[in-house]
Amino acid sequence: GKTVTVYSAVTKTDKLKFGTASGYFNGSSLLTVASHTSLDFGTGDFTVECFIYIETNGDYRVFHKWDSGGAGEWYMMAYMGGGGVTNIRWNGNTGSAYPISTGQWVHIACARAAGVLKGFVGGQVAFSIADTTSYTNTVALGLGDHPYYPGTSPLVGNLDEVRITKGFARYTAAFTPPVLPFPNNA
């Protein structure tokens, strides 16, 4: 097990992608997961993904394993701009924008396979870059905000089906987002 600390995040049963509830983040909410080797990807393959539901435009921190920009730190953000245009960012690499309406669930993911990192919005490739960074550090993982400097682009919205996979890139090309909940063992 991993230690998860909850700061004002709640479950909501009125907005969910699968199951009976989702995690709601109100702009001052944060979940942290203590540093653990399963969150250190090294130079290997990995996938970081979730479904996100955003009601208003903004720049939102979704996953954040970053303290002050030191070696091996990473973050993934979702941006919902005017006119319902969404993109994702991985450590400052911004993807192409995709039209996604506020008030609906969208799958976002970043996956690295053999030194190529790709970002996905709704199953479409948003960016593709060469990336051999060793993502290994001792900082906590934050969901919904920066774990060490809260209030910097906090999430206002819901997360469901959060999954981090070390050692395997689940997506390497455009795909149809999952239509069923993730299995508990995968």
Inset, instruction - Could you tell me which non-hydrogen atom of Thr132 sits nearest to which non-hydrogen atom of Thr43, and how far apart they are? - result: O-CG2, 3.4 Å
Legend entry - Interatomic distance, Thr172 atom OG1 to Asp45 atom CG [nearest 0.5 angstrom]: 10.0 Å
Legend entry - Minimum side-chain heavy-atom gap Leu143-Phe63 below 4.5 Å: yes
Inset, instruction - Say whether Tyr135 and Phe168 are linked into one hydrophobic cluster, either directly or through other cluster members, by side-chain heavy-atom distances under 4.5 angstrom. - result: no
Inset, instruction - Give me the ring orientation class for Tyr75 and His64: parallel if the planes are under 30° apart, tilted from 30 to 60°, perpendicular past 60°. - result: parallel
Inset, instruction - Report whether Val106 and Val156 are members of the same hydrophobic cluster (ILVMFWY, side-chain heavy atoms less than 4.5 Å apart, transitive linking). - result: yes
Legend entry - Spatial distance of atom CD (Glu49) from atom CZ (Arg170) [nearest 0.5 Å]: 6.0 Å
Legend entry - Residues Trp90, Ile129; criterion side-chain contact (heavy atoms from CB on, under 4.5 Å); working and verdict: CA-CA 10 Å; Trp90 180 272; Ile129 60 169; 5.5 Å; no
Legend entry - Inter-residue atom distance Asp160.CG - Trp105.CH2, 0.5 Å rounding: 4.5 Å
Inset, instruction - Could you tell me the separation between the SG atom of Cys50 and the CD1 atom of Ile164, rounded to the nearest 0.5 Å? - result: 9.5 Å
Inset, instruction - Decide whether Leu31 and Val162 are clustered together by the hydrophobic rule: side chain heavy atoms of Ile, Leu, Val, Met, Phe, Trp, Tyr closer than 4.5 Å, transitively. - result: yes
Inset, instruction - Would you confirm whether Lys166, through its side chain, and Thr37, through its main-chain N or O, come within 3.5 Å as a donor-acceptor pair? - result: yes
Legend entry - Ser153 and Tyr149: side chain donor to acceptor below 3.5 Å: no
Legend entry - Donor-acceptor contact present, side-chain Lys65 to main-chain Trp74, <3.5 Å: no
Inset, instruction - Taking all non-hydrogen atoms of both residues into account, name the closest pair between Gln124 and Ala174 and its distance. - result: OE1-CB, 4.3 Å
Legend entry - Donor-acceptor contact present, side-chain Lys118 to main-chain Ala173, <3.5 Å: no
Inset, instruction - Would you check if Phe127 and Leu117 make a side-chain contact, meaning some heavy-atom pair closer than 4.5 Å? - result: yes
Inset, instruction - Please work out which of the three classes, parallel, tilted or perpendicular, describes the rings of Phe182 and Phe51, given edges at 30° and 60°. - result: tilted
Legend entry - Heavy-atom closest contact (Gly123 atom, Pro177 atom, distance): N-CG, 3.8 Å
Inset, instruction - State, to 0.1 Å, how close Leu39 and Ala34 come at their nearest heavy-atom pair, and which atoms those are. - result: CD1-O, 4.1 Å
Legend entry - Side-chain touch Lys12/Tyr53, heavy atoms, less than 4.5 angstrom: no
Legend entry - Ile54 side, atom CD1; Phe25 side, atom CZ - distance, nearest 0.5 Å: 12.0 Å
Inset, instruction - State, with a plain yes or no, whether a side-chain heavy atom of Phe120 is found less than 4.5 Å away from one of Val125. - result: yes
Inset, instruction - Compare all side-chain heavy atoms of Pro183 with those of Arg163 and state whether any distance is below 4.5 angstrom. - result: yes
Inset, instruction - State whether the side chain of Thr47 and the backbone N or O of Thr165 hold a donor-acceptor pair below 3.5 Å, judged by distance alone. - result: no
Legend entry - Donor-acceptor under 3.5 Å (Arg112 side chain, Ala169 main chain): no
Inset, instruction - Any chance you could measure Asp145, atom CG, to Ser28, atom OG, to the nearest 0.5 Å? - result: 9.0 Å
Inset, instruction - Report the C-alpha separation of Leu155 and Ile52 in whole Å, then their side-chain angles, then the decisive distance to 0.1 Å, and conclude whether the side-chain contact (heavy atoms from CB on, under 4.5 Å) test is met. - result: CA-CA 10 Å; Leu155 176 61; Ile52 188 168; 3.9 Å; yes
Legend entry - Residue pair Val116 / Ser128, side-chain heavy-atom distance below 4.5 Å: yes
Legend entry - Heavy-atom pair of closest approach, residues Tyr60 and Thr56: OH-O, 2.8 Å
Inset, instruction - May I ask you to test the Pro178-His107 pair for a side-chain heavy-atom distance under 4.5 Å? - result: yes
Inset, instruction - Could you pull out the closest heavy-atom pair between Thr13 and Thr20, with the gap in Å? - result: CG2-O, 3.4 Å
